[in-house]
Amino acid sequence: MQNINAYINEHKQRFIDELIDLLKIPSISADSTYKKDVLNTADAIKESLLKAGCDNVEICQTDGYPIVYGEKLIDKNLPTVLVYGHYDVQPPDPLDLWNSPPFEPVIQKTDLHPEGAIFARGACDDKGQMYMHVKALEYMTTNNELPCNVKFMIEGEEEVGSANLGKFVAANREKLENDVILISDTGMIAKDVPSITTGLRGLSYVEVEVTGPNRDLHSGLYGGAVANPINVLTKMIASLHDENNHITIPGFYDKVENLSDEERAEMAKAPFSLEAYKKALDIDAVYGEEGYTTNERNSIRPTLDVNGIWGGYIGEGAKTVIASKAYAKISMRLVPNQDWEEITQLFKTHFERIVPKAVKVKVKPHHGGQGYVTPIDGVGYQAASKAYEQTFGKTPIPQRSGGSIPIVALFEKELKSKTILMGFGLDSDAIHSPNEHFGVWNYLKGIETIPWFYKYFTELKSVE
């Protein structure tokens with residue numbers, strides 16, 4: 001692996017150009033308008049895997065968007081690494097908050113990225129991080145340094161809940177058989193502080209609809225006499241937290257994993273500046289559940305947040321109306337031991353119970369997934385740690401993430417293998433937000449580090 005830096009330097013511009021071409025395709029899985037673009041992205045991933053050295057690549061059809069499967073099998077007696085990633089992206093809205101068009105990638109220098117960052121939807125989540133693995137494979141096959149077998153499973157529905165991935169995995173256990181699953185869809189603490197994500201929160205996502213009168217009403221003629229669904233909905237949502245920002249749904253915390261004081265003390269060792277955090281977000285104070293630090297609130301504690309709320313007149317000027325309906329989308333991030341389907345039902349039961357008789361309510365579950373914790377004493381984690389030590393010159397910090405990758409728990413259930421989360425993004429990369437970006441340095445550092453994981457995993461597995 002000693003010539004990997006020379007290889008990256010030689011092909012650096014091509015690696016960047018290829019990613020930019022991929023980012024130009026608006027593969028928005030949530031919007032059927034972009035169906036052709038999502039399918040074109042799958043085709044592009046297939047061609048990239050073939051060029052990188054896979055001997056077999058298939059576009060596997062599902063009831064939704066296809067899964068791209070690729071493999072390079074060199075010896076059945078050697079370990080097998082299964083790489084998972086996704087080629088779909090979040091919608092780019094609101095478009096007016098982007099400094100450049102979301103699907104016209106540009107490289108701009110920033111304070112954190114003096115060497116430049118690629119600004120585009122999907123730059124970090126997850127096209128850029130997924131493509132690091134493709135280029136890492138290219139290096140290993142081109143230089144005859146692939147030490148074990150590798151399989152790729154790249155899906156197109158992660159941003160809409162991976163509805164068809166479970167069925168695909170269950171139907172293809174033999175095809176997907178592996179010794180470890182490798183994912184880059186997370187981040188690290190800082191450019192100079194590598195970390196490995198050891199825990200993910202689960203997710204329950206619902207949509208609620210409150211209906212009052214059978215039509216929109218004149219707010220002068222009916223105001224004060226008929227329930228306003230928007231007013232009612234906002235009161236119901238407000239009641240979901242108490243004065244300590246504790247979630248009020250009965251039973252919500254019954255199965256929450258409570259970390260010991262020792263575990264919380266270890267978490268607190270990770271570098272963190274509250275002032276820098278507030279400055280980066282342009283806020284005067286943090287906010288959250290009483291009794292927990294900022295890093296604990298966004299990783300080891302469950303949450304409930306409104307992701308969107310609408311109803312009534314929102315056009316220019318005034319319209320004095322009491323809307324017939326009001327809506328909200330609500331997500332709950334869950335911690336290990338909380339079952340997402342159980343939490344969804346608890347939410348539904350509670351929300352239907354607290355609704356006033358003057359209106360009706362519907363709760364529509366969307367999607368969800370379980371939380372996940374990976375052990376730090378396994379061969380996969382040890383190999384990842386040694387890989388980071390090799391390229392960063394320091395031992396990575398184990399870190400629990402506030403994000404969710406619902407299929408990780410599914411992989412362990414169906415494939416009986418552990419997942420290692422080697423992310424190279426930063427919190428400031430604005431994933432799911434306007435001006436999403438991914439540092440060129442981070443992108444190339446991922447390509448440099450990933451082959452070392454293969455080397456160390458193969459070596460450690462041989463003496464296990």
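What you see is a predicted model, and the numbers here were worked out from it, not measured in a lab. When a residue number appears, it is its place in the shown sequence, counting from 1.
Ring centroid separation for the pair Tyr388 and Phe424 comes in under the 6.0 Å cut-off. For Tyr277 and Phe272, the distance between ring centers is under 6.0 angstrom.
A salt bridge links Glu138 to Arg14: one of the charged nitrogens lies within less than 4.0 Å of a carboxylate oxygen.
One side chain, Glu145 or Tyr139, offers a donor N or O that lies under 3.5 Å from an acceptor on the other. Remark: the Lys12 side chain and the Asn9 side chain contain no N/O donor-acceptor pair separated by less than 3.5 Å. Looking at Asp31 and Thr33, their side chains do bring a donor and an acceptor atom within 3.5 Å of each other. A side-chain donor-acceptor contact under 3.5 Å links Glu448 and Asn5.
Residues that satisfy the side-chain hydrogen bond (donor to acceptor under 3.5 Å, both in side chains) test with Glu414, not counting sequence neighbours, are Arg173. Partners of Gln90 by side-chain hydrogen bond (donor to acceptor under 3.5 Å, both in side chains), not counting sequence neighbours, listed by chain and number: Glu159.
The environment of Lys109 atom NZ is sparse: at most 12 non-hydrogen atoms of other residues, nucleotides or ligands sit within 6.0 angstrom. More than 12 heavy-atom neighbours from other residues, nucleotides or ligands sit within 6.0 angstrom of CG on Asp37.
Atom CE in Met130 sits 7.5 Å away from atom NZ in Lys127 (nearest 0.5 Å). In this structure, CG in Leu426 is found 7.5 Å from SG in Cys124, a value given to the nearest 0.5 Å.
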Full working for salt bridge (charged side-chain N to carboxylate O under 4.0 Å, His left out) between Glu436 and Arg121: CA-CA 6 Å; Glu436 177 182 352; Arg121 172 57 86 228; 2.7 Å; yes
Derivation and outcome, side-chain hydrogen bond (donor to acceptor under 3.5 Å, both in side chains), residues Tyr84 and Glu155: CA-CA 8 Å; Tyr84 165 84; Glu155 71 154 322; 2.5 Å; yes
Pair Glu296-Arg264, salt bridge (charged side-chain N to carboxylate O under 4.0 Å, His left out): steps then yes or no: CA-CA 8 Å; Glu296 290 174 335; Arg264 291 175 69 181; 2.6 Å; yes
